[in-house]
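Report on one structure; see the data block that follows.
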Amino acid sequence: MGKAQDLQPHNTVKGGEEVNTLESEKITHQATISQLKDFTWWVRMAIYTLFVLSGQSAAILLGRLYYNKGGKNLWMATLVQFIGFPILIPYHCILSSKKIALNRNVNQLDVSALAFMYLSFGVLLAADSFLYSIGLLYLPVSTFSLICASQLAFNAFFSFCLNAQKFTPCIVNSLVILTISSTLLVFHPSSVNLTGISKEKYTVGVICTVGASAGYGLMFSLTQFSFEKVLKSQTFVTVLEMIIYESLVATCATLVGLFISEEWQGLKREMEEFELGRSSYLLTLICTAMAWQTFNIGAIGLIFEVSSLFSNVISASGLPFVPVLAVIFFKENMDGIKVIATVLALWGFASYLYQHYLDDLESKAETKHVKEISMIPLLKEDNF
């Protein structure tokens, strides 16, 4: 009996050590998973950012090419901005079949609310895209890019009102620098109306582009709001659904406009008169549609992962690169203003990215503090 009593405390201590070891291994395993999640998150962010920058630049340049070589159909220029959505449907079906899908209860969602949301987003997307088509038709690339940057200011306002966006010094610094970067383009010689467009049409182009920028700023904030309050989902399938459904509505709305305006009757003649040839005409439209879909995936993906304001910051940081690419493809001159605008764009992007790095460090510090507190009872048991 005496020996048994002597062994009992030893077994208690040993049992406590085993519990502590298991708890330590559990925490280590959780930390490893957390690091893996952080890495995959940054990978997704890099992919979405690449999609936004490459898709936006290619789409604007191809749109300019369409107009420069004889394209005049505003409804067709609008349609290619979202008609490429069917290429996403097979990928959506694959993800759904593998059940890598909606982290939500579908039965709890109001079908009428979803229908209204997608219908509203689709109509707004069609209207904004049509206004952008008018702006790109009547404005030089540099001026168009400059005015598009105002979307960042509109989105900042709507994000503050709808998404409770917090503005830290780094974020404010990023917004100011990106605005200055884009504003510099107005001093570029190509920003002057040298295209032979009348003053009235030039003014219409400015007004339409500003209106479209305001509309997109609102739409980005509403998209973030819908992810947080309506869809409440944490999967990429939801992002695809958002793009597919709103693009479907926008396509239908634009096709109605195309047939009502009777501009569809001139498509055959436009194709034949296109300077680069019929095949190049079709290829230009197809590539433009694919570029816009690439941009849409990246933009909505960034809204889903971070915020609508961050998505707009990435978009705005890429605008100064459009005139630089125009140097390569349209043989425009490269000068100091374009170089400075590009450098400022990179600075603004880095400033916003640095803020997210600080937020990540703060989040990790809070997680570590919580884990240390949770270990206190175990350490007390071990001391006993």
Side-chain angles (χ1 to χ4, degrees), residues 47-48 51-52 54-56 58-60 62-63 66 73-96 101-102 109 111 113-134 136 148 151 155 212-213 215-227 230-231 233 235-260 264 282 284-305 308 311-312 314-315:
I47 294 174
Y48 289 147
F51 280 6
V52 168
S54 60
Q56 176 180 251
I60 292 177
L62 288 170
Y66 170 76
N73 195 312
L74 288 173
W75 289 106
M76 178 56 67
T78 303
L79 187 62
V80 295
Q81 296 183 37
F82 31 74
I83 199 174
F85 75 90
I87 64 176
L88 303 178
I89 295 178
Y91 186 48
H92 175 269
C93 294
I94 292 173
L95 291 182
S96 299
L102 308 175
L109 292 178
V111 177
L114 282 177
F116 176 77
M117 181 184 70
Y118 289 131
L119 181 64
S120 302
F121 284 179
V123 172
L124 182 59
L125 176 62
D128 288 340
S129 299
F130 185 73
L131 292 177
Y132 266 141
S133 297
I134 297 175
L136 189 58
C148 285
Q151 177 179 322
N155 184 235
S213 298
Y216 266 110
L218 174 61
M219 186 172 176
F220 272 40
S221 295
L222 289 175
T223 300
Q224 180 182 347
F225 182 83
S226 67
F227 276 132
V230 181
L231 298 174
S233 175
T235 64
F236 185 66
V237 173
T238 312
V239 176
L240 293 178
E241 285 184 348
M242 175 74 73
I243 298 173
I244 291 172
Y245 289 137
E246 68 181 28
S247 296
L248 175 61
V249 174
T251 299
C252 293
T254 305
L255 286 174
V256 170
L258 178 64
F259 283 97
I260 290 179
W264 65 274
L282 294 175
T284 299
L285 295 179
I286 293 173
C287 291
T288 304
M290 294 178 64
W292 278 119
Q293 284 306 308
T294 301
F295 169 79
N296 290 335
I297 294 174
I300 296 183
L302 290 176
I303 294 174
F304 176 76
E305 293 287 350
S308 62
S311 182
N312 245 316
I314 300 298
S315 178

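When a residue number appears, it is its place in the shown sequence, counting from 1. Note that the structure is a prediction, hence the values are computed from the model and not measured. Heavy-atom basis, side chains included; hydrogens, waters and symmetry copies ignored.
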Between Ala212 and Leu131 the two heavy atoms that sit nearest each other are CB-CB, 3.7 Å
With rounding to the nearest 0.5 angstrom, report the CG to CG distance, Asn73 to Leu79. 9.0 Å
For Leu285, which residues count as a side-chain contact (heavy atoms from CB on, under 4.5 Å) partner, sequence neighbours excluded? Tyr66, Met76, Val80, Tyr281
Between Trp264 and Phe259, how do the two ring planes meet: parallel, tilted or perpendicular, split at 30° and 60°? tilted
Work out which heavy atom in Ile314 is nearest to a heavy atom in Val52; give both atom names and the distance. CG2-CG1, 3.8 Å
Passes side chain to side chain contact (heavy atoms under 4.5 Å, CB included), Val249 versus Phe121? Steps please. CA-CA 8 Å; Val249 174; Phe121 284 179; over 6 Å; no
Contacts of Tyr132 that satisfy ring pair (Phe, Tyr, Trp, His ring centres under 6.0 Å) - sequence neighbours left out: Phe144, Tyr216
Can you list the residues that meet the ring pair (Phe, Tyr, Trp, His ring centres under 6.0 Å) rule with Phe51, with sequence neighbours excluded? none
Considering all heavy atoms, the nearest Ser311-Ile303 contact: CB-CG1, 3.7 Å
Using atom types as modelled, flag every donor-acceptor pair under 3.5 Å from a side chain in residues 293-302 to any protein atom, sequence neighbours excluded.
| from | atom 1 | to | atom 2 | distance (Å) |
| --- | --- | --- | --- | --- |
| Gln293 | NE2 | Phe82 | O | 3.3 |
| Thr294 | OG1 | Met290 | O | 2.9 |
| Asn296 | ND2 | Trp292 | O | 3.2 |

Tightest non-hydrogen contact, residues Thr78 and Ala126, listed as CG2-O, 3.9 Å
Would you give the length of the straight line joining atom CG of Leu124 to atom CG of Leu119, rounded to the nearest 0.5 angstrom? 11.0 Å
Residues which pass side-chain contact (heavy atoms from CB on, under 4.5 Å) with Ile134, listed by chain and number, not counting sequence neighbours: Leu74, Phe130, Tyr138, Val204, Cys208
Which residue pairs satisfy the side-chain hydrogen bond (donor to acceptor under 3.5 Å, both in side chains) criterion with at least one member in residues 79-88, sequence neighbours excluded? Gln81-Ser129, Gln81-Ser133
Sorted by chain and residue number, the ring pair (Phe, Tyr, Trp, His ring centres under 6.0 Å) partners of Tyr245 (sequence neighbours excluded) come out as Tyr118
Separation between CZ (Phe304) and CG (Leu240), nearest 0.5 Å, reads 10.5 Å
With sequence neighbours excluded, what pairs up with Phe116 under the ring pair (Phe, Tyr, Trp, His ring centres under 6.0 Å) test? none
Just jot down the side-chain contact (heavy atoms from CB on, under 4.5 Å) partners of Ile244, sequence neighbours excluded, or say none. Phe85, Leu88, Ile89, His92
Check side-chain contact (heavy atoms from CB on, under 4.5 Å) between Cys287 and all other residues, then give those that pass, not counting sequence neighbours. Leu62, Leu283
